[in-house]
Amino acid sequence: MNCFKISALAAAIALVGISAPAVAEGGINVGGAVRVNYAYKEYSEASKDTLGKLDFDIFAIKFNGKKGDWGLSAEYRFAKDSNFIKYGYAYYDVSPEWQIQFGINKKPFGNPGFISNSFWFSIPYYLGFEDDYDTGIKASYKNNGWNTDIAFYKNPEYGASENKRYATDLYTGTINGTSYKNEETNQLNLRQTYVMEYKGGSTTLGGSVEVGQIYNTDTKDNGDRYAVALHMDMSYHNWNLQAQAMQYEYDAADNNDPNKIGVSVVSWQYEIASKGQAYTANLSYTIPTSFGSVKVYNDFNVMTPDVADNSYDNSYQNVLGAAIAAGPTYTQVDFIMGKNMTFSTGSDDHVGLPMAGDGWDKRVNINFGYYF
């Protein structure tokens, strides 16, 4: 996997774990971040010879403001070789319980927030189901522990032929000799969660559903897609446990192999199994310090393809790491192990397809950011 892809990946996952600037009442707050990234790949001879590579990651700028019941929120990112919007939407507080968002906003699917602790995210991110932002309208309700999100998205934030995007979407273009002409459209999302508070912590239980169409510009027909998930986020004192199980299917109206489909993210494109399950289990412990905090974590993921071709293999990713918060800085140190998994292996640039590598590959990633 080349350095450009990894630099782009670092650009995409830059602000994990950092809270947004406070919303300015009657004005606009401007914030952002500058980040650098170090990568060492055990499976790359060039990386071993040079002891890894240190690169500029991103410059991000964020806008947050509110006047009365109306507000706006936006973030744009500049990387070494690309730039893209992460989100940008207006919102209206209908009541203390209801908020309406319109624009490029975060689709409600899976565990609220993230289903990962690491800079590397989870396998659902690479399938299009973690921290994904699309263009449409969302209504959110919160009251007495109940949280309901209902959303309709007309399409993703960029066209299907654009690979310079923050989160994973279907791709129009050629990947490994296969030409894909698919694009996402007319998507509905529903997520229901309930937060149980108790002494020393809380537990959030929930379920998510997503349905939508896949328009093929070659056949001029619509396919369909769906995903469902059950998720849990439990905290007790300094411990946190996250778990999620999901199933998805992309059924495109094209003439290609029905067992796979093309997607793109952060200036790259790859193939994934068109149907499968993804399971996530993450454990973390946060240690308060005199300078801030240190969170140690282990995130484990497995994706099991559920297609007609028996040669397709499971994909695995495990990330053991630590996140260090000190003043305006946030640093994540990750030891990544991947098997048959894009971005974390040397030979398997896909998710859930037949494995080309020999087994587990390893890499170290250190991302340092200054936030303002």
Side-chain angles (χ1 to χ4, degrees), residues 4-39 54-68 70-93 99 101-107 112-114 116 118-121 125 130-138 140 153 155-159 162-169 264-268 292 323-332 365-372:
F4 173 73
K5 288 164 56 181
I6 298 308
S7 176
L9 177 67
I13 312 175
L15 300 182
V16 177
I18 299 296
S19 60
V23 176
E25 183 65 43
I28 299 291
N29 269 352
V30 180
V34 179
R35 301 189 66 108
V36 295
N37 195 80
Y38 168 79
L54 182 66
D55 276 320
F56 166 73
D57 183 1
I58 67 157
F59 170 74
I61 188 162
K62 306 175 76 169
F63 302 91
N64 288 278
K66 190 175 183 183
K67 187 172 183 179
W70 291 90
L72 65 85
S73 185
E75 181 179 324
Y76 201 88
R77 298 186 172 192
F78 300 87
K80 182 174 66 174
D81 299 301
S82 66
N83 59 85
F84 43 81
I85 191 170
K86 180 181 178 184
Y87 58 82
Y89 60 89
Y91 63 87
Y92 177 68
D93 290 331
Q99 183 182 91
Q101 299 178 3
F102 182 78
I104 302 172
N105 58 69
K106 186 174 182 176
K107 77 177 184 184
F114 301 93
S116 58
S118 75
F119 176 83
W120 220 246
F121 277 2
Y125 172 81
E130 181 183 12
D131 206 32
D132 185 22
Y133 295 79
D134 293 322
T135 305
I137 186 168
K138 177 172 67 175
S140 297
Y153 297 102
N155 43 257
E157 69 277 25
Y158 287 111
E162 177 60 78
N163 65 5
K164 296 178 181 178
R165 60 176 74 246
Y166 169 80
T168 305
D169 290 307
S264 69
V265 68
V266 290
S267 302
W268 193 245
I324 305 160
T329 69
Y330 193 73
T331 304
Q332 288 184 279
N365 197 87
I366 302 173
N367 194 270
F368 172 82
Y370 181 88
Y371 294 82
F372 58 90

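It should be emphasised that the depicted structure is a prediction, and the values quoted were computed from it without experimental measurement.
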* Closest heavy-atom contact between A323 and Q332? -> CB-CG, 4.0 Å

* Asked: With under 30° as parallel and over 60° as perpendicular, where do the rings of Y125 and F121 fit, or are they tilted in between?
  -> perpendicular

* Taking every non-hydrogen atom, the tightest pair across T135 and P156 -> OG1-O, 3.3 Å

* Derivation and outcome, side-chain hydrogen bond (donor to acceptor under 3.5 Å, both in side chains), residues D131 and Y166 -> CA-CA 9 Å; D131 206 32; Y166 169 80; 2.2 Å; yes

* **Interatomic spacing from CG in D93 to CH2 in W70 - rounded to 0.5 Å** => 10.0 Å

* Nearest heavy-atom neighbours spanning A167 and V265 -> C-CG2, 3.5 Å

* Asked: So, does Y158 use its side chain to make a donor-acceptor pair with the main chain of I85 at under 3.5 Å?
  -> yes

* To the nearest 0.5 Å, tell me how far T329 OG1 sits from I324 CD1. => 8.5 Å

* Is the closest side-chain heavy-atom distance between I28 and L72 below 4.5 Å? -> yes

* For D57 and F368, what are the C-alpha separation, side-chain angles and deciding distance, and is it a side-chain contact (heavy atoms from CB on, under 4.5 Å)? -> CA-CA 9 Å; D57 183 1; F368 172 82; over 6 Å; no

* Intermediate values then yes/no, side-chain contact (heavy atoms from CB on, under 4.5 Å), I366 and L54 -> CA-CA 9 Å; I366 302 173; L54 182 66; over 6 Å; no

* Side chains of R77 and N83 in contact at under 4.5 Å (non-hydrogen atoms) -> no

* Enter the distance from W120:CH2 to N367:CG here, rounded to the nearest 0.5 Å. => 9.5 Å

* Step by step, work out the side-chain contact (heavy atoms from CB on, under 4.5 Å) result for Y91 and N105. => CA-CA 10 Å; Y91 63 87; N105 58 69; over 6 Å; no

* May I ask you to decide if G113's main-chain N or O and K106's side chain share a donor-acceptor pair within less than 3.5 Å? => yes

* To do: Specify the closest pair of heavy atoms between S82 and S267, including all atoms of both residues, with the distance to one decimal.
  => OG-OG, 3.5 Å

* Which atom pair, heavy atoms only, marks the closest approach of A33 to F372? -> N-CE2, 3.4 Å

* Drop me the distance from K107's NZ to D132's CG, to the nearest 0.5 angstrom. => 4.0 Å

* Could you pull out the closest heavy-atom pair between G159 and R165, with the gap in Å? => O-NH2, 2.6 Å

* Atom pair CG/CD of N64 and E75 - distance to nearest 0.5 Å -> 9.0 Å

* **Derivation and outcome, side-chain contact (heavy atoms from CB on, under 4.5 Å), residues V30 and F63** => CA-CA 5 Å; V30 180; F63 302 91; 3.8 Å; yes

* With rounding to the nearest 0.5 Å, note down the distance linking NZ in K164 to CG in D81. => 8.0 Å

